[in-house]
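A short write-up of the structure that comes next.
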Amino acid sequence: MSTDAIVLLKEDHKEIKKLFRDFRKAEGEKETGKIVDKIIEALTVHTYLENECMYPEVRSLLPDLEDDILESYEEHHVADVLVIELAGMKPDAERFDAKTTVLIENVEHHIDEEEDEWFPKVREALGRKQLQDIGARMLEMKEGAPRSPAQPSALKKTIDAVIS
């Protein structure tokens with residue numbers, strides 16, 4: 001298995017996009033609720049790894065990408081707020097599907113920007129070894145990453161985004 005940070009993040013993106021497709025095809029509140037629970041967990045882990053490892057590393061190594069990283073933090077913040085709201089909702093709530101759809105649209109935009117614009121810049125500027133080192137740290141962090149937006153480390157990330 002590759003430890004290249006970009007490869008790992010793209011694998012997460014693929015998994016998240018599959019969950020989005022599953023949501024769009026889901027029938028009934030029970031199925032929809034289970035899929036949204038999986039989306040919440042996948043996004044909580046993924047944004048934690050990016051916010052706590054990938055973005056800070058790239059920010060320190062490639063100061064020219066500061067604006068891209070700050071925009072990514074803000075996109076994560078919007079997703080975090082929606083995830084927290086969804087985590088507290090029942091699938092039969094009036095705005096559950098609409099809120100999930102807005103979350104999906106937001107995250108799809110973010111993924112497209114990362115993969116089409118940001119990742120190529122990072123790959124070009126950082127060597128293979130640096131990306132493997134960052135990826136290895138991400139894999140280590142993944143073990144203890146929050147799985148729910150209500151976990152303290154996930155809440156801290158959201159609060160930091162609001163007040164920073």
Side-chain angles (χ1 to χ4, degrees), residues 5-59 65-119 122 135 137-164:
I6 291 173
V7 171
L8 295 173
L9 293 175
K10 282 185 170 185
E11 287 172 2
D12 281 359
H13 289 171
K14 206 178 295 184
E15 175 193 336
I16 290 164
K17 286 175 166 180
K18 182 193 177 307
L19 291 170
F20 292 168
R21 285 191 304 275
D22 291 347
F23 172 81
R24 288 180 173 122
K25 290 187 286 187
E27 294 182 21
E29 293 165 358
K30 187 174 181 179
E31 183 182 1
T32 300
K34 285 181 182 179
I35 294 167
V36 171
D37 287 345
K38 290 178 184 176
I39 289 171
I40 289 169
E41 180 177 345
L43 288 176
T44 300
V45 171
H46 182 77
T47 59
Y48 176 81
L49 294 175
E50 284 189 331
N51 287 355
E52 299 299 319
C53 186
M54 184 68 169
Y55 294 168
E57 286 284 337
V58 172
R59 192 176 188 183
L65 296 182
E66 175 91 6
D67 289 343
D68 292 329
I69 292 166
L70 293 175
E71 181 180 335
S72 290
Y73 278 130
E74 291 305 316
E75 288 172 347
H76 280 196
H77 170 66
V78 170
D80 289 342
V81 169
L82 292 169
V83 161
I84 286 172
E85 291 176 357
L86 279 167
M89 294 174 82
K90 298 222 179 302
D92 63 350
E94 180 182 48
R95 294 198 268 167
F96 186 84
D97 287 351
K99 195 173 294 289
T100 303
T101 300
V102 170
L103 172 66
I104 289 170
E105 290 170 353
N106 178 282
V107 172
E108 285 176 333
H109 166 80
H110 174 75
I111 288 172
D112 290 344
E113 267 190 349
E114 273 190 346
E115 291 190 0
D116 297 342
E117 299 169 27
W118 196 70
F119 286 170
V122 172
R137 280 193 295 285
M138 286 172 37
L139 285 173
E140 286 175 20
M141 292 176 73
K142 194 169 195 169
E143 297 288 318
R147 301 281 189 263
S148 158
Q151 285 180 255
S153 52
L155 281 173
K156 180 190 178 311
K157 171 178 65 91
T158 304
I159 291 166
D160 287 349
V162 173
I163 60 175
S164 297

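In this chain, residues are counted from 1 in sequence order. Here the structure is a predicted model, which is why all the values come from computation and not from measurement.
For His13 and Glu114, the side-chain atoms include at least one donor-acceptor pair closer than 3.5 Å. His109 and Glu105 form no side-chain donor-acceptor contact under 3.5 Å, judged by distance and modelled atom types alone.
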Practice prompt. Give the intermediate values and the outcome of side-chain contact (heavy atoms from CB on, under 4.5 Å) for residues Glu11 and Val7.
Written response: CA-CA 6 Å; Glu11 287 172 2; Val7 171; 3.6 Å; yes

Worksheet item: Stepwise, does the side-chain contact (heavy atoms from CB on, under 4.5 Å) test hold for Glu31 with Asp22?
Response: CA-CA 9 Å; Glu31 183 182 1; Asp22 291 347; over 6 Å; no

Fill in: Criterion side-chain contact (heavy atoms from CB on, under 4.5 Å) on Ile16 and Glu108, from CA distance to verdict
CA-CA 9 Å; Ile16 290 164; Glu108 285 176 333; over 6 Å; no

Fill in: Derivation of the side-chain contact (heavy atoms from CB on, under 4.5 Å) call for Trp118 and Glu113
CA-CA 7 Å; Trp118 196 70; Glu113 267 190 349; over 6 Å; no

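Summarising the geometry of Ala79 relative to Asn106, their closest heavy-atom pair is CB-OD1, 4.1 Å, with the distance given to 0.1 Å. Here the closest heavy-atom approach between residue Glu29 and residue Pro91 is recorded as O-CB, 3.4 Å. Here the shortest heavy-atom pairing between Gly33 and Phe96 reads CA-CZ, 4.5 Å. Closest non-hydrogen pair, Ile40 versus Pro149, comes out as CG2-CD, 3.5 Å. Summarising the geometry of Glu15 relative to Ala42, their closest heavy-atom pair is OE2-CB, 4.0 Å, with the distance given to 0.1 Å. Residues Asp97 and Thr32 approach most closely at OD1-CG2, 3.7 Å, considering heavy atoms.
A salt bridge links Asp12 with Lys142; the closest basic N to acidic carboxylate O contact falls under 4.0 Å. A salt bridge links Arg137 with Glu57: the distance from a Lys NZ or Arg NE/NH1/NH2 to an Asp or Glu carboxylate oxygen falls below 4.0 Å. A salt bridge links Glu66 with Arg59: the distance from a Lys NZ or Arg NE/NH1/NH2 to an Asp or Glu carboxylate oxygen falls below 4.0 Å.
With rounding to the nearest 0.5 Å, the separation of CG in Leu43 from NE2 in His76 is 8.5 Å. Atom CG of Leu82 is separated from atom CE of Met89 by 10.0 Å, given to the nearest 0.5 angstrom. Atom CD1 in Ile35 sits 12.0 Å away from atom CZ in Arg24 (nearest 0.5 Å). Rounded to the nearest 0.5 Å, atoms NE2 (His46) and CG (Leu8) are 10.5 Å apart. Atom NZ of residue Lys38 and atom CD of residue Glu41 lie 9.5 Å apart, to the nearest 0.5 angstrom. How far CD of Glu52 is from OG1 of Thr47: 9.0 Å, rounded to the nearest 0.5 Å.
By the salt bridge (Lys or Arg N to Asp or Glu O under 4.0 Å) test, Glu85 pairs with Lys99, sequence neighbours left out.
Counting only heavy atoms from C-beta outward, the side chains of Lys18 and Lys14 never approach each other to under 4.5 Å. You'll find the side chain of Leu9 reaches within 4.5 Å of the side chain of Glu50, heavy atoms only.
No more than 12 heavy atoms of other residues, nucleotides or ligands shown are found within 6.0 angstrom of CZ on Arg95.
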